[in-house]
Number of protein chains: 2
Amino acid sequence: MEPSLDTVFAALADPTRRAILTMLLEDDMAVTDVAEPFEISLAAISKHLTILAAAGLIAQEKRGRVKWCKLEPDALKAASVWMQGFGQFEPVNLDAFEAFLEQELGEDHA
Amino acid sequence: MEPSLDTVFAALADPTRRAILTMLLEDDMAVTDVAEPFEISLAAISKHLTILAAAGLIAQEKRGRVKWCKLEPDALKAASVWMQGFGQFEPVNLDAFEAFLEQELGEDHA
DNA sequence: TGAAAGGTCAACCGTTTGGTTGAATAAGGG
DNA sequence: CCCTTATTCAACCAAACGGTTGACCTTTCA
């Protein structure tokens with residue numbers, strides 16, 4: 001079954017999970033490497049990744065003993081479409097997005 | 001303090017709350033009228049509205065004994081900007097949005 | 001004045017969430 | 001073969017969530 005708006009929005013509601021998505025924007029990563037910048041346990045990160053995968057926001061592929069995590073940006077499409085119905089916001093504003101990235105990274109990894 | 005991405009996404013993660021927002025897209029409504037289509041208690045709806053207000057997604061104004069609820073679509077802007085950074089989705093697709101509305105209304109009020 | 005309407009508050013309840021720890025499983029490397 | 005690395009599993013915990021009910025406050029209006 002394809003992920004619902006419920007699971008997508010719920011996945012995005014956690015700052016750790018949003019930070020993970022932001023990291024994956026740079027490159028695919030192994031679970032251990034995803035966990036490295038955070039102060040919580042590896043098991044906790046593993047759970048977050050499971051939630052992100054259930055929401056369709058990432059894909060996980062096991063190669064050898066390493067499980068690679070890859071961003072799946074299309075999963076955001078349905079949620080984005082839903083939201084845009086309310087606001088008619090100006091089309092993609094990457095400057096504002098960069099500002100958010102800096103703010104979030106500053107908050108979470110301080 | 002302005003609402004965080006946390007509170008906005010968490011507010012959007014509940015189908016009842018999304019249905020309420022959709023209803024308010026039509027027109028401003030009193031709390032009792034918001035509650036009418038749902039099968040849960042008025043108190044529960046009142047809590048949902050408090051959460052939506054805390055997220056900045058609606059504004060509530062009391063006139064007489066009636067509390068009016070009004071959509072505040074700008075609150076979606078920050079979240080929308082955040083999401084767009086991932087996908088570069090095509091600009092506003094209202095057809096897709098209409099389809100989602102029908103699906104959600106069909107699910108929640110069946 | 002007093003009853004009805006509109007909402008919220010407070011206490012409670014079961015379930016989910018986000019975290020922990022320690023053990024278990026699986027795959028390389030020497 | 002054994003040790004280490006990579007990751008998940010299982011049990012547990014406190015806090016938050018979504019819901020209920022009943023009491024409560026305020027406004028309207030006959």
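In what follows, every chain begins at residue 1, and chains take the letters A, B, ... in the order their sequences are listed.
- Residues B:Ala43 and A:Lys47 both approach DNA chain D. Their nearest nucleotides, taken by heavy-atom distance, put A:Lys47 toward the 5′ side.
- Put simply, B:Ser41 has a side-chain N or O that comes within less than 4.0 Å of OP1 or OP2 on D:dT20.
- One can place CG of A:Asp33 at 8 Å from P of D:dA6, the figure rounded to the nearest angstrom.
- In this structure a side-chain-to-backbone donor-acceptor pair under 3.5 Å is present from A:Thr22 to A:Arg18.
- Minimum heavy-atom separation, A:Met83 to B:Ser80: CE-N, 3.4 Å.
- Protein atom CZ of A:Phe9 is 19 Å distant from nucleotide atom C1' of C:dT17, rounded to whole Å.
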- prompt: Which is it for A:Leu12 and A:Leu76 under the side-chain contact (heavy atoms from CB on, under 4.5 Å) test, yes or no, and what are the steps along the way?
  reply: CA-CA 10 Å; A:Leu12 294 178; A:Leu76 283 171; 3.7 Å; yes
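- Between the side chain of B:Arg17 and the main chain of B:Ala10, a donor-acceptor pair closer than 3.5 Å is present.
- Hydrophobic cluster membership differs between A:Ile45 and A:Ile51, with clusters built from Ile, Leu, Val, Met, Phe, Trp and Tyr side chains linked at under 4.5 angstrom.
- Spacing between atom NE2 of B:His48 and atom C1' of D:dT20 amounts to 12 Å, rounded to whole angstrom units.
- When rounded to the nearest whole Å, the span between CG of B:Leu42 and C1' of D:dA23 equals 14 Å.
- Put simply, CD1 on A:Ile51 is 13 Å from P on C:dT16, counting in whole angstrom units.
- Rounded to an integer number of Å, the gap from A:Lys67 NZ to C:dT25 C1' is 13 Å.
- For the pair A:Lys70/A:Leu24, no side-chain contact is recorded, criterion being any heavy-atom separation below 4.5 Å from C-beta on.
- An OP1 or OP2 oxygen of D:dT8 is reached within less than 4.0 angstrom by a side-chain nitrogen or oxygen of A:Ser46.
- The distance from atom CE of B:Met29 to atom P of C:dG7 is 11 Å, rounded to the nearest whole Å.
- Against DNA chain C, the stretch residues 52-65 of chain A makes heavy-atom approaches under 4.0 Å through A:Gly64, A:Arg65.
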- prompt: When you look at B:Val34 and B:His48, which way does the side-chain contact (heavy atoms from CB on, under 4.5 Å) test go after all the steps?
  reply: CA-CA 11 Å; B:Val34 169; B:His48 280 305; over 6 Å; no
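- Put simply, CD on A:Glu39 is 18 Å from P on C:dG18, counting in whole angstrom units.
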